[in-house]
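Take a look at the structure set out below.
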Number of protein chains: 2
Amino acid sequence: MRIGELAERAGTTTRTLRYYESRGLLQARRAENGYRTYDEGDLRMVRQIRTLQDFGFDLEETRPFVDCLRAGHPAGDSCPASLAVYRRKLGELDTLIGQLQSVRTEVGAQLARAELEASAEVPGGPEPRCELNREDEDR
Amino acid sequence: MRIGELAERAGTTTRTLRYYESRGLLQARRAENGYRTYDEGDLRMVRQIRTLQDFGFDLEETRPFVDCLRAGHPAGDSCPASLAVYRRKLGELDTLIGQLQSVRTEVGAQLARAELEASAEVPGGPEPRCELNREDEDR
DNA sequence: GTAGTCCTTGACGTCGGCGTCAAGGCAAGG
DNA sequence: CCTTGCCTTGACGCCGACGTCAAGGACTAC
């Protein structure tokens with residue numbers, strides 16, 4: 001199959017496939033006329049890459065999976081190097097999720113505090129005080 | 001104070017402050033010699049921006065907070081527009097955290113499955129099968 | 001005067017993962 | 001023959017938040 005069909009069957013674009021090739025993830029045979037030629041194994045590789053990218057893996061992280069498939073293994077994650085990437089990713093995800101949760105907590109607290117002060121200001125409070133402290137201005 | 005001191009006191013760089021100015025977030029007065037001049041209010045604005053960026057807000061999202069400070073309010077989140085940004089951000093965070101958690105679950109499941117198959121392969125299993133199905137190759 | 005440190009504007013570089021355009025080759029149908 | 005639709009390589013564009021370099025002006029200290 002040629003690049004257009006591979007792109008369509010993998011749910012991506014020809015540009016993306018050529019980009020993968022430029023990164024050394026995909027290796028195409030060439031027909032006599034110079035066209036790239038792919039087989040079902042290539043389709044599996046591309047699908048593996050796409051799946052991992054959907055998970056938020058960046059391209060370099062998909063390389064072990066692709067290498068694993070190219071080595072003839074039945075799945076991209078049949079190799080130790082792929083499992084190592086999985087594990088590293090899990091750690092990164094846990095860290096990131098934790099950070100986001102603490103940010104969420106902080107932002108939530110800020111919102112609650114700001115809403116409180118706003119409601120304390122409205123029901124008869126003073127106008128918004130529109131002057132700064134002018135004493136200590138130029139350092 | 002001049003740009004170098006502001007940068008230092010805000011924990012950032014002069015390049016960053018000029019960038020903020022180019023984005024319209026910061027407005028510097030000019031001394032006779034052309035140097036930018038800042039006051040304590042500017043320092044508060046920069047610190048507000050930095051705090052929000054640490055939370056993962058992008059620059060545009062900090063604009064309402066800066067505008068609020070410039071309008072003379074005591075805090076950057078004393079204005080409704082800022083509260084709206086807080087709320088929107090909370091929603092985005094919840095969505096993102098949820099997505100990451102489901103990814104985490106999926107990756108964890110993949111890892112567990114792959115580890116199982118690997119352990120089923122090792123203790124006397126066959127060599128890694130290094131041939132692909134060749135029948136249905138060229139589509 | 002001159003060395004050193006600050007400041008100025010302008011412009012190009014970075015990173016990832018492509019999008020998009022340009023200019024042209026190849027194959028098939030009418 | 002001509003159009004259409006695929007394919008080729010090459011190269012610039014994009015986004016965000018700056019980093020980094022260049023060339024030169026301003027001010028201070030000695």
Side-chain angles (χ1 to χ4, degrees), chain A residues 1-39 42-43 45-66 85 88-89 92 96 138-139, chain B residues 1-39 42-43 45-66 85 88-89 92 96 138-139:
Chain A
M1 104 190 80
R2 291 176 305 178
I3 197 169
E5 185 182 347
L6 178 59
E8 194 177 355
R9 292 180 65 188
T12 182
T13 68
T14 61
R15 178 69 182 90
T16 296
L17 296 179
R18 292 197 192 94
Y19 178 66
Y20 291 171
E21 183 174 326
S22 80
R23 303 279 87 200
L25 286 172
L26 215 52
Q27 284 148 18
R29 279 113 294 170
R30 294 301 180 119
E32 290 186 3
N33 56 15
Y35 288 9
R36 290 174 178 81
T37 305
Y38 302 94
D39 59 25
D42 294 315
L43 176 57
M45 292 190 210
V46 177
R47 285 186 171 152
Q48 173 75 81
I49 295 172
R50 295 262 107 198
T51 299
L52 294 175
Q53 284 197 307
D54 289 346
F55 283 165
F57 289 50
D58 50 50
L59 262 191
E60 270 316 304
E61 294 177 315
T62 72
R63 194 178 295 277
F65 296 80
V66 173
V85 174
R88 193 161 50 73
K89 205 68 188 178
E92 288 174 14
L96 181 56
D138 291 291
R139 52 187 326 255
Chain B
M1 94 191 89
R2 291 175 305 179
I3 197 169
E5 184 183 347
L6 178 60
E8 194 177 356
R9 292 180 64 189
T12 182
T13 67
T14 61
R15 178 67 181 93
T16 296
L17 297 179
R18 292 197 192 94
Y19 177 66
Y20 290 169
E21 182 173 326
S22 79
R23 303 280 88 199
L25 286 172
L26 215 52
Q27 284 147 19
R29 280 112 293 170
R30 295 299 182 121
E32 291 185 4
N33 56 14
Y35 289 9
R36 288 175 179 81
T37 305
Y38 302 94
D39 59 25
D42 293 316
L43 176 57
M45 293 190 210
V46 177
R47 285 185 171 153
Q48 172 76 80
I49 295 171
R50 296 261 107 199
T51 299
L52 294 174
Q53 283 197 308
D54 289 346
F55 283 166
F57 289 50
D58 51 49
L59 263 190
E60 269 316 303
E61 292 177 318
T62 72
R63 194 178 294 278
F65 295 80
V66 174
V85 174
R88 193 161 48 74
K89 206 67 188 178
E92 289 174 15
L96 181 56
D138 292 290
R139 53 184 330 250

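In what follows, chains carry the letters A, B, and so on, assigned in the order in which the sequence lines appear, proteins first and then strands, with residues in each chain numbered from 1.
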[options]: which one has an atom nearest the side-chain heavy atoms of [X]?
X: B:R30; options: C:dC6, D:dT20, C:dT8; answer: C:dT8
X: A:R15; options: D:dG19, D:dA17, C:dG19; answer: C:dG19
X: B:R2; options: C:dC6, C:dG17, D:dG16; answer: C:dC6

Is there a side-chain contact between [X] and [Y] (heavy atoms, below 4.5 Å)?
X: A:I49; Y: A:Y20; value: yes
X: B:T14; Y: B:R36; value: no
X: B:V46; Y: B:Y38; value: no

Whole Å only: how far is the [atom1] atom of [X] from the [atom2] atom of [N]?
X: A:L6; N: D:dC6; atom1: CG; atom2: P; result: 15 Å
X: A:L25; N: C:dC18; atom1: CG; atom2: C1'; result: 14 Å
X: A:L17; N: D:dC6; atom1: CG; atom2: C1'; result: 15 Å
X: B:R63; N: D:dG16; atom1: CZ; atom2: P; result: 12 Å
X: B:M1; N: C:dC6; atom1: CE; atom2: P; result: 16 Å
X: A:E21; N: D:dG10; atom1: CD; atom2: P; result: 12 Å
X: A:E32; N: D:dT8; atom1: CD; atom2: P; result: 15 Å
X: B:I3; N: C:dC6; atom1: CD1; atom2: C1'; result: 11 Å

Heteroatom pairs (N/O) under 3.5 angstrom, protein to nucleotides 23-25 of chain D:
{"unit_1": "D:dG25", "atom_1": "N2", "unit_2": "B:Y35", "atom_2": "OH", "d": "2.9"}

(message) Against the six-membered ring of A:F55, is A:K89 placed for a cation-pi contact (under 6.0 Å from the centre, within 45° of the normal)?
(response)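 Ring-cation test returns no.
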(message) Counting only heavy atoms and a strict 4.0 angstrom limit, can you tell me which residues of residues 46-59 of chain A come near DNA chain C?
(response)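 Result for residues 46-59 of chain A: A:R50, A:Q53, A:D58, A:L59, sorted by number.
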(message) As a quick check of understanding, evaluate side chain to side chain contact (heavy atoms under 4.5 Å, CB included) for A:Q53 and A:R50, giving each step before the final call.
(response) CA-CA 5 Å; A:Q53 284 197 307; A:R50 295 262 107 198; 3.2 Å; yes
(request) Identify whether any heavy atom of A:R36 sits under 4.0 Å from a base atom; if not, whether one sits that close to sugar-phosphate; answer base, sugar-phosphate or nothing. (result)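 Sugar-phosphate only.
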Should [X] be listed as having a side-chain N or O under 4.0 Å from OP1 or OP2 of [N]?
X: A:R18; N: D:dT8; result: yes
X: A:T13; N: C:dG19; result: yes
X: A:T16; N: C:dG19; result: yes
X: A:Y20; N: C:dG17; result: no
X: B:N33; N: D:dC27; result: yes

(request) Look at the side chain of B:T16 and the backbone N and O of B:T12, then say whether any donor-acceptor pair between them is shorter than 3.5 Å. (result)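 Checking the backbone N and O of B:T12 against the side chain of B:T16, no donor-acceptor pair under 3.5 Å is found.
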(request) Start with the C-alpha distance between A:R63 and A:L25, add both sets of side-chain angles, then the distance that settles side chain to side chain contact (heavy atoms under 4.5 Å, CB included), and finish with yes or no. (result) CA-CA 6 Å; A:R63 194 178 295 277; A:L25 286 172; 3.9 Å; yes
(message) Quick check on A:R23: does its CZ atom have over 12 non-hydrogen neighbours (other residues, nucleotides or ligands) under 6.0 Å away?
(response)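 Atom CZ in A:R23 is not packed in, count stays at 12 or less.
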(request) Using a cut-off of 6.0 Å, state whether more than 12 heavy atoms not belonging to A:E21 lie near its atom CD. (result)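 More than 12 within 6.0 Å, yes.
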(request) Tell me, with the steps shown, if B:Y35 and B:I3 meet side chain to side chain contact (heavy atoms under 4.5 Å, CB included). (result) CA-CA 8 Å; B:Y35 289 9; B:I3 197 169; over 6 Å; no
